[in-house]
Amino acid sequence: MSDSVILRSVKKFGEENHAFESDGSYNNDKKSRLQNKKKSESTQVGFFQLFRFSSSTDIWLMLVGSLCAILHGIAHPAILIVFGILTDLFIDYDIEIQELSIPGKACVNNTIVWINSSFNQNVTNGTSCGLVDVENEMIKFASVYAGIGVAVLITAYIQICVWIITGARQVEKMRKIYFRRIMRMEIGWFDCNSVGELNTKFSDNINKINDAIADQLAVFIQRITSALFGFLLGFYRGWKLTLVIISASPLIGIGAAIIGLSVAKFTDLELKAYAKAGSVADEVISSIRTVAAFGGEKKEVERYEKNLVFAQRWGIRKGMVIGFFTGYMWCLIFFCYALAFWYGSTLILDGDEYTPGTLVQIFLSVIVGAINLGHASSCLEAFATGRVAATSIFETIDRKPIMDCMADDGYKLDRIKGEIEFQNVTFHYPSRPEVQILNNLNMVIKPGEMTALVGPSGSGKSTALQLIQRFYDPSEGMVTLDGHDIRSLNIRWLRDQIGIVEQEPVLFSTTIAENIRYGRKEATMEDIIQAAKDANAYNFIMNLPQQFDTLVGEGGGQMSGGQKQRIAIARALIRNPKILLLDMATSALDNESEAMVQEALSKIQHGHTIISVAHRLSTVRAVDVIIGFEHGTAVERGTHEELLERKGIYFTLVTLQSHGEKALNEKGEKGKEETEDNIPEKTLNRGGYQDSLRASIRQRSRSQLSHLAHEPPLAVVDHKSTYEDKGKDVPEEENIHPAPFLRIMKYNAPEWPYMVAGALGAAVNGAVTPLYSFLFSQILGTFSIPDVEEQRSQIYDICLLFVVMGCVSIVTQFLQGYTFAKSGELLTKRLRKFGFKAMLGQDIGWFDDLRNNPGTLTTRLATDASQVQGAAGSQIGMMVNSFSNIAVALIVAFFFSWKLTLVIMCFFPFLALSGALQTRLLTDFASQDKQVLEKAGQVTNEAFSNIRTIAGIGLQEQFVEVFETELEKLFKIAIRKANVYGFCFGFSQSIVFIANAASYRYGGYLILYEGLHFSHVFRVISSVVLSATAVGRAISYTPSYAKAKISAARFFQLLERRPPISVYSGMGEKWNNFQGKIDFVDCKFTYPSRPTVQVLNGLSVSVKPGQTLAFVGSSGCGKSTSIQLLERFYDPDQGRVMIDGHDSKNVNVQFLRSNIGIVSQEPVLFACSIMDNIKYGDNTKEIPKERVIEAAKQAQLHDFVMSLPDKYETNVGSHGSQLSRGEKQRIAIARAIVRDPKILLLDEATSALDTESEKTVQIALDKARKGRTCIVIAHRLSTIQNSDIIAVMSQGVVIEKGTHEDLMAQKGAYYKLVTTGAPIS
């Protein structure tokens, strides 16, 4: 999972970079900057400003959409009016049926009378009869219902469709304008905004704006309308009852608010607590070598677990609070029902104010209002997020670039000679205003001459070239072209006159021919071929299978460095520029091609001004003028011979380089064929480190990769390869098979009692909804009872039942919330602990893999473990809840009328699946969007990463065009989505109406012909329809369930991995009298992460117990590697490491490491007290304080510690940041001494110290070495002269060994080292 870590910058929203909002020049005008900052923090984008890119068409579309949303919103309350009338109708009919069923009553003249009685025939209580034609009324009612359903289908479709289209139109426009605006920004702006951040804004921020202005808004309008009309209807039909029902709503609102707040608060606390554990994990994983060396794995797992407990507690509390307050809300809602029906029935029975239908209308309309209000408020979050996201986007769109490279203003000269002059130029980069790069630079570059700029790294040579291209303006002074200040010239025209070849040329991912054509749009194929010939690229291009149509790959990745450089030179030459800038243009070429390119360049020299920056001085001997740079000023000028006589900076550079080359040549002759291949590479790399450093500062986009790679900067090429491998390996890890549910449950097994109790609670909670529809219909049924007192007592009973349900809800909801939170949190904690333990048990080679960098691993512990809760914990509760809901509903329905139930069941799949289909479609569209956005993202990424090259050759327009064609695809998808999603939405909204229409029509038939009681019709319909939504709910949990299974599978994969060198296994040899005799026998080794680089090449050397062996040699020759083999961080590929005559591969890892103590160059301390850090030396037992103090005295540390206020309890800060290096080093020595090891490894233990501390530490080390086998690595030779054996290493083998005296007498490499102090290369 390499793509789970997104590096975002740590800047706050609303404060973009103000590093250069000054008056056009980069003076650090602090005051104006602060004002700007304040201004931007306060300007949050107003909601209606989000629509600033809408055209008149969009405004019309939005109006139509809003109108439809309002009509759709009215439908819900409107249906309640019909429903109320229907209820009254049913009740009247039922009363009539009951009356007529009494023997001796009949319907005469539409009035019920007694017949053949002794009474007068006219004596009657006058109940009317025969007026109710149930059949017809039902047909009328069903058609109104269906009509509203169809209207809802149409309006819902239009509302969604129109809003999505207008949203897509505005967002497309916004993206285009945003990209254009960024492409116009000056280079300084890009220095201060990271590429990653800009790309994130492109995808995430604009998507968030889209969420705020598209279909969400339509749904919001619809829901608010429903809420409004619901409450209005309630007040219109009966204000007394409405007020009574609403009176309880503040309490319900408080419950909801408490849930919202407490969830946020507890989640926050839980995250904070977990962040602590996460920082432990991060600290441990990033210093895994130290943990392994001192056998601290068990201790660290315990420390991690201790911190997890806090997170778990907050998680459980969150579950309790949510459970309790959900219960409290349901309880209030049921009390509210009880109150409403009690008070409503009183009004009906006593005051004749309401009919039962009115009661139903008022009751349901208030509930519809409340529910819609709740749903509408959830949209507000999207609006707020959209506004925040828009702030930074609009800020960029509104920013005027300081140098607009697409503008048409500025002069264009008719003809130019090409004379460039710098007059008192001072400059610092806007991203680093405190570092002055050019300091009062004066120089003249004559037309038609070839000028070379030389000087040490960082002296401002490349910066001078950037000023000529006007990537930046000087802070003071000016740069002129033929006497014109270049600030007065048109930027585009100016850059058209300049050709540039950089040290790391940027190619775009297209064909070679296209790459060369980028130099000049209208170039013909002949021109391209000619340019390729001039750049000495023609031959290698013709040797490729597709010749000029060969694709160069992302960033030119398919080409070698030399090939890239020659294509770039051809691209520069095809422009036929007046001024040619070469920034180390031939650095990646071998000598032969370099000579040929130099020749080509000297051919075109006439009539061109050529400025070249070079580090390889052999290339500049032939030029007309050499200008020497130092500290940002030009200090000397002249030809090669003149400058050599001056003995200035040029002279120093030349002598340094020629010596280096001479030494290398001698070495090459000694080393014969085998090493000859490596030599040219090494020349590159000698100055290469600084070069690559410089390159990384200049090309910040590139350097982001190297932050991820914890490796010595080998050649820049090396990062490239790790990057590509990363791309190739990821898929194999991605195709993980989801873990089976039962296996996840196994890890949750200890919590089974909790889960059983929780499941019971959830089952009861699920049964509540169908029971509610049962009681509701029961109440309607009571209104047709003739006897008023009987009515009253029945209604009171039902109200009491509501109260009972409320009380039960509190208990069961709490039970469900608490038990599942507990089981889920315990599962998460358990998984995290096992995962962490498994990570620490891996071999060190596993951590070298880029995919397992500390960031990724800690994220994986954090997110994967909590995602597993998607298949456990509260999710199980939700599922049980839904299933019991469906089961009870169907039992109730079938019990009361199986016929009607079957009819409604026809609609069941539609009701249940419409929601799921909607979700499914949305995810499909989202993934299509994502694919197109990724394509567009590649364009933006390529554009932003290579902005210098694009600006230099004026390709902005081309990139804008490519980007805009990509966006059209996005718009097409949006139109499709609008139609499909609109239809689905409309369908899912209207299906309820259609289902009700059909079922009430059939219900009317059953009442009439099969004597079904009308309350049963209500009962069956409402319980089935409600349970269908429960099915929909259950289906909506599937995505998080699937995610959980994948996350769990990833965990299990980690737990199952058996590392080649296992720390936790008890296998392997142990013996009692450990001596400490070490033999390296012909060891060959490559690091698993870099299998191409051979580090050890047959290392053989041995040490007797108690002796000291010193390794010396240049960096990268394998000294530290040999120590890592001894610690068994790795095993050699060939050969053996013998310890006391045992092969290290067969020795128990813990036992071996417990006999080795190590002090490394950069000792790793943990963020705890000094005492704990020293105790870390021996993690097998509790160490008494006396031993710690004893060790500290031996390490010359005790006196220093006693001078601190907290003495041994002083916290050393993260990675020991509170201490100086000498102090850290001595703590590390004390830590190694406490271990009382038989073998002591000192890896440049004193390299980081000043002379004073070095003496102290050296004494400490000499004490520590007594009676132990010791291996020392040192760069300072003075520290190792009294070693028993000194081994000189080069390229992974020992080239000579012996005592100091022997080696001095041999007059070999060691002698040279001591006398000259030169590094061995």
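Bear in mind that the values here come from a model prediction, so they are computed numbers and not experimental data. Position 1 is the first residue of the sequence, and the numbers go up from there.
Scanning for side-chain contact (heavy atoms from CB on, under 4.5 Å) contacts around Asn1146 gives Glu1069, Asp1143, with sequence neighbours left out. Applying the ring pair (Phe, Tyr, Trp, His ring centres under 6.0 Å) test to Phe1051 and every residue at least two apart in sequence or in another chain returns nothing. Shown here are the side-chain contact (heavy atoms from CB on, under 4.5 Å) partners of Val280, two or more places apart in sequence or in another chain: Val284, Arg303, Tyr304, Asn307.
The two residues Arg1235 and Gly1177 have their closest heavy-atom pair at NH1-O, 2.5 Å. Listed here is the closest heavy atom pair of Leu840 and Val301: CD1-CG2, 4.1 Å. Between Val1164 and Ser287, the shortest heavy-atom distance links the atoms CG1-CB, 3.2 Å. When all heavy atoms are compared, the tightest approach of Val1137 to Pro1132 is CG2-CG, 4.2 Å. Contact detail for Thr819 and Gly758: the closest heavy-atom pair is OG1-CA, 3.0 Å. Contact detail for Ala821 and Gly315: the closest heavy-atom pair is CB-O, 4.1 Å.
Taking 4.5 Å as the limit, every side-chain heavy atom of Ile1078 sits out of range of all side-chain heavy atoms of Met1138. Between Leu1240 and Ile1271 there is no side-chain heavy-atom pair separated by less than 4.5 Å. When side chains are defined from C-beta on, Thr828 does not count as touching Gln312, because their heavy atoms never get closer than 4.5 Å. Using a 4.5 Å heavy-atom cutoff, the side chains of Met320 and Ile316 are in contact. Side-chain atoms of Ile1158 and Glu1127, non-hydrogen and from C-beta on, do get closer than 4.5 Å to each other. At a threshold of 4.5 Å between non-hydrogen side-chain atoms, the residues Cys1270 and Val1272 count as touching. Within the 4.5 Å cutoff, side-chain heavy atoms of Trp1071 are placed close to those of Val1147. No side-chain heavy atom of Leu826 sits under 4.5 Å from any side-chain heavy atom of Pro750.
Taking a 6.0 Å sphere around NZ of Lys1145, one finds it holds more than 12 heavy atoms contributed by other residues, nucleotides or ligands. More than 12 heavy atoms of other residues, nucleotides or ligands shown are found within 6.0 angstrom of NZ on Lys299.
In this structure, Arg1128 contributes its side chain and Arg1153 its backbone to no donor-acceptor pair below 3.5 Å. The backbone N or O of Pro1237 sits less than 3.5 Å from a side-chain atom of Arg1268, completing a donor-acceptor pair. No donor-acceptor pair closer than 3.5 Å links the side chain of Asn1155 to the backbone N or O of Lys1238. In terms of modelled atom types and a separation under 3.5 Å, the side chain of Arg1231 and the main chain of Lys1175 share no donor-acceptor contact. Proximity of a side-chain donor or acceptor of Arg289 to a complementary backbone N or O of Ile844 within less than 3.5 Å is not detected. Between the side chain of Arg1057 and the main chain of Met839, no donor-acceptor pair closer than 3.5 Å is present. Within the 3.5 Å criterion, the main-chain N or O of Glu1209 finds no donor-acceptor partner in the side chain of Ser1169. For the pair Arg830 (side chain) and Tyr747 (backbone), a donor-acceptor distance under 3.5 Å is present. For the pair Asn1148 (side chain) and Gln1150 (backbone), a donor-acceptor distance under 3.5 Å is present.
Under 3.5 Å, the side chains of Asp1133 and Thr1086 contain a donor-acceptor pair of N or O atoms.
Taken to the nearest 0.5 Å, the CZ atom of Phe310 stands 11.0 Å off from the NZ atom of Lys829. Note that CD1 of Ile1170 and OH of Tyr1208 are 8.0 Å apart. Values are rounded to the nearest 0.5 Å. Rounding to the nearest 0.5 angstrom, the gap separating the CD atom in Glu300 from the CD1 atom in Ile288 is 9.0 Å. Within the model, atoms NZ of Lys1070 and OG of Ser1154 stand 8.5 Å from one another, a figure rounded to the nearest 0.5 Å. The CD atom of Gln842 sits 9.5 Å away from the CG atom of Leu857 when rounded to the nearest 0.5 Å. With rounding to the nearest 0.5 Å, the separation of CG in Leu1241 from CD1 in Ile1123 is 5.0 Å.
Taking 4.0 Å as the cut-off between side-chain N and carboxylate O, Asp843 and Arg1058 do not count as a salt-bridged pair. Electrostatic pairing of Glu1056 and Arg743 counts as a salt bridge here, judged by a charged N lying under 4.0 Å from a carboxylate O. Electrostatic pairing of Lys318 and Glu270 counts as a salt bridge here, judged by a charged N lying under 4.0 Å from a carboxylate O. Look at Glu297 and Lys837 and you find no salt bridge, because none of the NZ, NE, NH1 or NH2 atoms lies under 4.0 Å from a carboxylate O.
A ring-ring contact (aromatic ring centres under 6.0 Å, His included) with Tyr1130 is found for exactly one of Phe847, Phe1085, Trp846, namely Phe1085.
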- Going through the checks in order, is the side chain to side chain contact (heavy atoms under 4.5 Å, CB included) test met by Leu1125 and Leu1096? CA-CA 11 Å; Leu1125 291 185; Leu1096 295 182; 3.4 Å; yes
- Test side chain to side chain contact (heavy atoms under 4.5 Å, CB included) on Ile1139 and Leu1126 and set out the steps. CA-CA 9 Å; Ile1139 297 174; Leu1126 190 57; 3.9 Å; yes
- Query: Which is it for Ile1239 and Phe1074 under the side chain to side chain contact (heavy atoms under 4.5 Å, CB included) test, yes or no, and what are the steps along the way?
  - Reply: CA-CA 10 Å; Ile1239 302 175; Phe1074 191 94; 3.9 Å; yes
- Could you give me the CA-CA distance, side-chain angles and deciding distance for Tyr754 and Phe820, then say whether side chain to side chain contact (heavy atoms under 4.5 Å, CB included) is met? CA-CA 7 Å; Tyr754 285 107; Phe820 282 118; over 6 Å; no
- Steps toward side chain to side chain donor-acceptor pair (under 3.5 Å) verdict (Tyr1087, Gln1094): CA-CA 8 Å; Tyr1087 282 105; Gln1094 187 81 29; over 6 Å; no
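Aromatic ring pairs are classed by plane angle as parallel below 30°, tilted from 30° to 60° and perpendicular above 60°; the pair Tyr1176 and Phe294 is perpendicular.
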